[in-house]
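Notes follow once the structure below has been shown.
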Amino acid sequence: MENQLQIYNTLSRKKEVFTPLHPGKAGMYVCGPTVYGKPHLGHARSAITFDLLFRYLKHLDYKVRYVRNITDVGHLVNDADEGEDKIEQRARLDELEPMEVVQLYINHYEKAMDKLNVLSPSIEPRATGHILEQIEAVEKIIASGFAYESNGSVYFDVEKYARNHPYGRLSGRKTEDMLSSTRELEGQQEKHSPLDFAIWKKASPGHIMRWPSRWSEGFPGWHLECTAMSSKYLGETFDIHGGGMDLTFPHHEAEMAQSRAAFGHDSVRYWMHNNMITLNGQKMGKSLGNAISLDEFFTGGHPLLEKAYSPMTIRYFMLTAHYRSTLDFSNEALQAAEKGLARLLKASDTLDLIRASEKSTVDTARLRECCYTAMNDDLNTPVALAHLFDGVKMINAIADGKETVSAGDLADLKNLFTVFIFHLFGLQKHEEEASSCSAAFEGAVDLLLRLRMNAKAAKDWGTADMIRNELLKLGFEIKDTKDGFSWELRD
RNA sequence: GGUCGGGUGGCCGAGUGGUAGGCGAAGGUUUGCAACACCUUUUACAAUGGUUCGAAUCCAUUCCCGACCUCCA
């Protein structure tokens with residue numbers, strides 16, 4: 001039983017063995033982006049963390065339904081229940097329809113995720129597509145007595161709820177502490193208590209995004225969409241709910257309260273939260289104005305970036321830290337990641353050239369075991385990577401003839417590397433550039449390098465070096481091997 | 001102020017009682033030279049005290065940093 005997947009549950013603050021609600025199936029819901037701006041490194045961290053989980057669960061033969069929402073309404077700019085909708089604000093500033101803003105940034109997000117090789121979730125529901133479900137949820141909460149209407153808006157009655165239910169359990173706080181530290185805000189006369197949050201909000205006259213309801217023309221509160229959509233697609237109880245740590249309070253705490261008020265029980269069995277990306281020790285975030293967008297990373301177009309970093313470098317960089325640790329961004333760290341990744345991928349190429357021997361002098365079974373143990377330990381990718389680098393040493397030693405591997409072990413090693421590097425970690429070799437080269441192009445480069453080989457054989461170093469140096473200038477990487485050469489196009 | 005989490009070598013980053021790993025640097029092997037690869041080396045656990053055969057890891061005190069408490073992945 002020791003080698004089972006364990007995940008850290010924010011609710012219990014412990015690692016727990018993952019046992020799904022329904023044997024053989026796993027349901028996961030993750031808070032996706034609010035689409036009012038370009039995706040940045042933080043979005044990538046969350047997406048990659050849960051993509052890894054999604055891939056691993058599938059690898060463990062679970063039938064996984066992965067729901068990641070898109071928030072396209074209800075997220076207000078400032079204080080929780082006042083202020084402009086984020087998307088409407090962007091629309092006003094850019095003179096666009098709110099849905100144009102939504103579409104634009106969904107496109108940006110999808111494109112970036114695609115580059116990062118983040119798999120599409122099973123379902124990507126949008127809040128605006130689930131207004132009816134959200135209205136139904138409001139009805140349920142009112143019926144259970146934990147919400148009240150006030151001037152066309154409906155608020156969740158936190159104090160009443162907290163009398164019989166633990167509010168603050170997930171984020172580890174007490175209602176009295178929250179009360180004492182809550183700021184006095186303008187326009188909160190509608191609420192019974194400053195802790196109450198809106199689940200339906202009456203639209204002000206200038207508000208564009210609005211839907212009819214029996215309380216008012218308005219829009220749903222931010223926290224509600226996740227309760228409505230997760231229960232719709234995963235059921236009133238489901239396995240895993242993920243998101244960034246900064247969503248723990250108030251968003252997830254509110255979700256928990258809503259679910260319990262609406263359904264009479266908790267919905268989520270395992271809460272998982274990924275930590276933040278930091279920049280000079282400070283959280284990278286839109287509101288702090290220190291976020292670097294993913295596009296900027298891919299093109300190098302940001303003053304803080306010394307160069308462009310490929311999507312795979314970013315993906316690998318994320319995997320070098322555990323998902324619950326903060327990860328500090330720096331050019332140095334990214335360049336180290338770039339080189340580490342190249343070394344790993346090179347070894348996986350080398351693996352294809354290795355020939356099996358009678359006997360093995362290496363222990364591939366143990367390597368395999370170590371890799372899985374690391375993954376089962378709350379997705380400990382940095383440790384799994386460390387073991388894979390032991391594998392890299394192993395591969396290079398075999399290729400050098402210093403160690404030998406049997407046919408069975410070689411197959412095992414190949415399988416391990418393929419599964420971990422490509423299937424689970426989702427890393428890819430340079431964007432299939434090789435396949436985009438035409439046969440004629442490849443033939444021409446091969447011809448040049450064969451000429452160089454001839455020159456070398458004739459000890460005509462001038463010609464040999466000229467060919468190599470000119471090709472290097474054009475962006476090729478040239479390597480001499482034992483019995484010839486290899487080349488590839490740098491990206 | 002409240003709650004929670006941290007402080008590890010030049011950089012990043014694992015690690016809850018007994019050699020992570022990557023990147024960098026130095027030296028060497030290989031090579032016509034180079035790249036790749038390989039071998040060796042290097043510097044560490046914020047401070048102080050304590051527990052222990054043995055502590056980065058446990059306890060105490062101190063200092064420093066961050067996250068959340070408003071919207072944020």
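The figures that follow rest on heavy atoms only: side chains count, while hydrogens, waters and symmetry mates do not. No experiment lies behind these values; they were computed from the predicted model shown.
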Any donor-acceptor pair under 3.5 Å from A/Asp390 side chain to A/Leu367 backbone: no
Does the distance from a Lys or Arg side-chain N to an Asp or Glu carboxylate O, for [X] and [Y], drop under 4.0 Å?
X        : Y        : result
A/Glu84  : A/Arg90  : no
A/Asp446 : A/Arg450 : no
A/Arg92  : A/Asp85  : no
A/Asp480 : A/Arg452 : yes

Working for side chain to side chain donor-acceptor pair (under 3.5 Å), residues A/Asn275 and A/Ser325: CA-CA 6 Å; A/Asn275 214 320; A/Ser325 304; over 6 Å; no
So which protein N/O to nucleotides 62-68 of chain B N/O distances come out below 3.5 Å?
unit_1: B/C68; atom_1: OP1; unit_2: A/Lys283; atom_2: NZ; d: 2.3
unit_1: B/C68; atom_1: O2'; unit_2: A/Arg173; atom_2: NH2; d: 2.9

Pairwise 5' ranking along RNA chain B for A/Leu247 and A/Asp328, keeping only the more 5' one: A/Asp328
Earlier contact from the 5' end, RNA chain B, for A/Arg324 and A/Ile478: A/Arg324
Pairs flagged by salt bridge (Lys or Arg N to Asp or Glu O under 4.0 Å) wherever residues 38-48 of chain A is involved - sequence neighbours left out: none
Would you say the ring centroid of [X] lies under 6.0 angstrom from that of [Y]?
X        : Y        : answer
A/Tyr233 : A/Tyr66  : no
A/His207 : A/Phe219 : yes
A/Phe156 : A/Tyr161 : yes

Can you tell me the distance, in whole Å, between the [atom1] atom of [X] and the [atom2] atom of [N]?
X        : N     : atom1 : atom2 : result
A/Leu327 : B/G22 : CG    : P     : 18 Å
A/Asn69  : B/A73 : CG    : P     : 11 Å
A/Leu170 : B/U3  : CG    : P     : 18 Å
A/Met453 : B/C33 : CE    : C1'   : 15 Å

Determine the contact category for [X]: base if any of its heavy atoms lies under 4.0 Å from a base atom, sugar-phosphate if only primed atoms, P, OP1 or OP2 are that close, otherwise nothing.
X        : result
A/Leu41  : nothing
A/Ala333 : sugar-phosphate
A/His40  : base
A/Arg169 : nothing
A/Gly42  : base
A/Lys479 : base
A/Asp465 : base

Donor-acceptor pair present, A/Arg468 side chain and B/A34 base, under 3.5 Å: yes
Polar side-chain contact A/Asp390-B/A20 base: donor and acceptor under 3.5 Å: no
Between [options], which nucleotide has the shortest distance from any of its atoms to the side chain of [X]?
X        : options             : result
A/His43  : B/A34, B/A73, B/C71 : B/A73
A/Ser330 : B/C23, B/C11, B/G22 : B/C11
A/Ala336 : B/G2, B/A73, B/G22  : B/G22
A/Phe389 : B/A34, B/G2, B/G22  : B/G22

Single hit among A/His130, A/Arg126, A/Glu225 for side chain to side chain contact (heavy atoms under 4.5 Å, CB included) with A/Asn69: A/Glu225
Test side-chain hydrogen bond (donor to acceptor under 3.5 Å, both in side chains) applied to A/Glu16 - qualifying residues, sequence neighbours left out: A/Asn9, A/Ser12
Axial cation check for A/Phe389 ring with A/Arg343, 6.0 Å and 45° limits: no
A/Arg324 charged N/C atom sitting above A/Tyr8 aromatic ring, 6.0 Å / 45°: yes
For [N] and [M], measure between their [atom1] atoms and round to the nearest Å.
N     : M     : atom1 : result
B/G5  : B/C11 : C1'   : 23 Å
B/G22 : B/G9  : C1'   : 14 Å
B/A47 : B/C63 : P     : 15 Å
B/G13 : B/U52 : C1'   : 29 Å
B/C65 : B/A60 : P     : 22 Å
B/U42 : B/G10 : P     : 14 Å
B/G2  : B/U70 : C1'   : 16 Å
B/C12 : B/G24 : P     : 15 Å

Distances under 3.5 Å only, N/O to N/O: pair up the protein atoms with those of nucleotides 38-43 of chain B.
unit_1: B/C38; atom_1: OP1; unit_2: A/Arg343; atom_2: NH2; d: 3.2
unit_1: B/C38; atom_1: OP1; unit_2: A/Asn396; atom_2: ND2; d: 2.7
unit_1: B/C38; atom_1: O2'; unit_2: A/Lys402; atom_2: NZ; d: 2.5

Please write out the pairs of protein N or O atoms and N or O atoms of nucleotides 56-59 of chain B separated by less than 3.5 Å, giving the distance to one decimal.
none

Parallel, tilted or perpendicular: ring planes of A/His40 versus A/His43, cut at 30 and 60 degrees: tilted
Option passing side chain to side chain donor-acceptor pair (under 3.5 Å) with A/Lys15 (candidates A/Asn376, A/Asp378, A/Asp377): A/Asp377
Range-with-range stems for RNA chain B, at least three Watson-Crick or G-U pairs under 3.5 Å: B:1-7 with B:63-69, B:10-12 with B:21-23, B:25-29 with B:37-41, B:46-50 with B:58-62
